[in-house]
Amino acid sequence: MIRPSSPQKWLFFALVAALPFLFSGCASMTAGGERAEFLDPPSMTSVVPQANAQEAAEPGSGWPEDQWWRQFKSSDLDQIMEIALKENPGLKKAYARLSETDAAAQVEGARLLPWLDSDNTFRQLRYAKHGVVAAYNPALGGTEKTSDSFNPVSFRYEFDFWGKNRAALDAALGEATAEEAEFAEARLLLTTAIARSYIRGATFARELALIRDMVKVRREALAVAQTRFHTGLGPADAVVQATVDLENVVRLEASTRALLIMQQNLLARLMGEGPDTTQNLFAGERVSIPARISLPPRLPIELLAHRPDLAAAMYRAEASAKRIHVAKAQFLPSVDLTVATAGLEASVFTKNIATLPGLLFRGSDLNYLVAPGFHLPLFEGGRLRGQLAAARSQYDEAVELYNETLLHAVQDVADSLTNWKQTRIILKVHRDLLNSTRQAVRLTQERQRTGLNDQQEILTLQHGLLEQQFALKASEADHFVAAIDLIQALGGGYSNTVDFPRPHLAPEAPFSGLEALAPAWTLDSVVSPLVPFHSKPNAE
């Protein structure tokens with residue numbers, strides 16, 4: 001046998017080490033192509049200045065606060081919010097998802113750290129009387145042996161040369177941060193739904209009180225019409241019309257009461273409670289309409305920092321960019337120290353088990369194992385290229401989801417601002433009309449005292465006044481809901497540290513030129529003269 005000299009030996013080892021790189025071209029990366037781009041926030045100059053000049057607070061006054069509902073000055077609403085934020089099942093489910101992603105990030109982070117184990121293995125073994133061992137050594141047939149292996153430390157570690165594990169951790173952290181924004185979105189949807197339901201319920205309660213007054217007026221009008229008919233001062237048609245008017249108001253009372261009960265039941269569900277919890281709500285407490293809603297000076301750029309759904313979309317896009325890095329790192333070699341252990345081991349016949357402790361802790365029973373590993377993908381049947389293509393597609397999808405969410409957020413803010421402005425105008429018109437109706441009622445009452453008007457005209461005007469008050473309550477509710485919609489469009493108190501004006505990612509950043517280390521040839525170049533392009537095997 002020819003033994004290589006020292007230089008020959010090192011040359012031999014170098015060739016063996018370089019051999020995987022010669023074949024690594026079979027697992028070369030494909031070109032990435034163009035990736036999706038983040039949209040710039042569109043302009044809102046035609047919408048925001050009007051709102052800032054007429055409906056908003058001073059420029060730079062900030063965004064809605066976290067507990068924005070306190071500006072409505074309703075102790076019942078504050079109490080409902082407090083209970084719902086603790087007991088709502090949907091919010092608890094969102095928090096559980098957040099905890100799950102935090103745990104997943106912790107799992108990914110463990111890949112960057114060494115693993116240390118300690119174990120002690122005690123074994124009892126009996127050799128078969130006529131087994132294989134006894135065939136080679138009959139003296140061992142039927143004997144029993146006892147052994148103990150004690151390894152105080154087992155060490156495992158993967159060297160993250162290409163940042164694969166770091167990128168996987170960053171992706172997991174991005175998902176956890178996105179889920180945190182999703183939790184804020186769930187909280188925002190819950191609180192705005194409660195506020196809308198409470199406003200509608202309070203409005204129905206006040207409308208119901210007005211309808212009861214309408215019923216009284218219609219009953220009096222029916223009594224007057226019947227009296228005039230029986231005394232020959234009025235026609236029968238007036239009695240029929242007064243009866244129909246009364247029936248309509250009674251039906252309106254029943255439908256409004258049903259709507260009130262539905263809002264009470266909805267609030268109970270949002271609170272995570274049963275229907276009995278909210279049956280005594282709206283017992284006379286008034287809700288204040290906020291005179292102004294603070295608007296930011298730089299819409300829509302700052303939406304990224306204050307819209308939880310937009311922030312979540314951005315964080316998911318960042319996580320997808322990190323997964324492209326992970327998929328590209330799979331093509332490169334990896335080195336790990338799979339096992340590095342040191343311990344003591346001894347084995348004796350069971351009949352001499354008393355000597356086992358003395359043998360186990362002698363220096364001559366020391367054993368150790370070091371097993372470094374080098375792994376390089378050669379032919380993976382298209383798996384690595386498929387994973388990379390999927391990661392790139394997921395990134396493009398995440399970016400387009402961000403763009404879609406951005407456009408929706410801008411539209412949401414624009415629509416909410418417009419609705420807030422219009423409902424405020426309508427509310428002012430209803431208040432002016434109500435004041436005019438009140439003046440007409442006072443003048444009619446004065447003429448009645450002088451005998452110039454009869455009771456029937458007074459009742460008609462009183463019913464008209466109640467209808468105007470009814471319409472005013474509906475307009476106030478619409479203005480309340482418009483305010484809540486605007487607060488939700490502005491993020492409802494959510495805030496993060498996102499940089500402006502938009503995210504800038506480089507998902508296809510090279511590994512410092514390491515991709516060029518792999519040979520350029522692939523199986524495609526071998527089979528191309530023989531196989532049509534559309535039927536080439538996609539091998540790695």
Side-chain angles (χ1 to χ4, degrees), residues 27 29 32 35-36 38 94-117 154-185 304-305 308 310-340 372-377 380 383-399 401-402 496-499 502-515:
M29 303 179 204
R35 298 270 66 81
F38 290 92
Y95 185 78
R97 288 196 302 268
L98 175 60
S99 299
E100 181 181 356
T101 55
D102 287 341
Q106 185 177 359
V107 172
E108 292 295 339
R111 301 178 187 274
L112 294 172
L113 302 175
W115 293 9
L116 297 176
D117 298 323
S154 295
F155 178 86
R156 288 176 289 170
Y157 183 68
E158 179 182 359
F159 298 96
D160 192 24
F161 289 121
W162 323 122
K164 176 184 64 177
N165 295 337
R166 169 59 64 180
L169 173 60
D170 291 340
L173 291 174
E175 288 292 342
T177 309
E179 198 61 49
E180 184 177 357
E182 292 285 358
F183 176 77
E185 176 71 6
L304 185 60
L310 190 59
M314 187 207 64
Y315 287 129
R316 295 198 190 281
E318 290 181 345
S320 298
K322 297 298 181 181
R323 292 194 189 94
I324 293 180
H325 186 101
V326 174
K328 294 176 72 173
Q330 299 289 347
F331 288 82
L332 301 176
S334 62
V335 178
D336 60 71
L337 193 62
T338 305
V339 179
F374 177 86
H375 307 280
L376 178 67
E380 296 284 344
R383 180 177 64 89
L384 296 183
R385 291 191 183 191
Q387 289 177 350
L388 179 56
R392 286 167 170 166
S393 298
Q394 290 170 359
Y395 172 79
D396 291 342
E397 180 183 2
V399 171
L401 176 61
Y402 167 86
N496 59 36
T497 57
V498 175
D499 293 331
R502 67 185 179 102
H504 294 276
L505 302 179
E508 294 294 315
F511 291 95
S512 302
L514 289 174
E515 294 94 331

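In this text the structure is predicted, and so the values were computed from the model without any measurement. Position 1 is the first residue of the sequence, and the numbers go up from there.
Between Tyr157 and Phe159, the two ring planes are perpendicular [angle over 60°; tilted spans 30° to 60°].
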*Run the numbers on Arg111 and Asp160 for salt bridge (charged side-chain N to carboxylate O under 4.0 Å, His left out), then give the verdict.*
CA-CA 9 Å; Arg111 301 178 187 274; Asp160 192 24; over 6 Å; no
*Evaluate the criterion side-chain contact (heavy atoms from CB on, under 4.5 Å) for residue pair Arg35 and Asp396; output intermediate values, then yes/no.*
CA-CA 6 Å; Arg35 298 270 66 81; Asp396 291 342; 2.8 Å; yes
*Could you go step by step and tell me if Glu175 and Arg323 meet the salt bridge (charged side-chain N to carboxylate O under 4.0 Å, His left out) rule?*
CA-CA 11 Å; Glu175 288 292 342; Arg323 292 194 189 94; 2.8 Å; yes
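For the pair Asp117 and Arg156, the minimum side-chain heavy-atom distance is below 4.5 Å. Inter-residue side-chain proximity for Leu388 and Lys328 is flagged as met; some heavy-atom pair is nearer than 4.5 Å. Side-chain contact between Glu158 and Lys164 is present, with heavy atoms from C-beta onward closer than 4.5 Å.
Residues meeting the salt bridge (Lys or Arg N to Asp or Glu O under 4.0 Å) test with Glu182, sequence neighbours left out: Arg316. For Glu185, there are no side-chain hydrogen bond (donor to acceptor under 3.5 Å, both in side chains) partners, not counting sequence neighbours.
Rounded to the nearest 0.5 angstrom, Phe38 CZ and Tyr402 OH are separated by 7.0 Å.
A donor-acceptor pair under 3.5 Å links the side-chain atoms of His325 to the main chain of Trp162, judged by distance alone.
Of all the heavy atoms in Leu169 and Ala105, the pair that sits closest is CD1-O, 3.4 Å. The shortest heavy-atom contact between Ala398 and Ser320 is CB-OG, 3.7 Å. The nearest pair of heavy atoms linking Ala311 to Asn496 is CB-ND2, 3.2 Å.
Counting non-hydrogen atoms of other residues, nucleotides and ligands closer than 6.0 Å to CD of Glu318 gives a total above 12.
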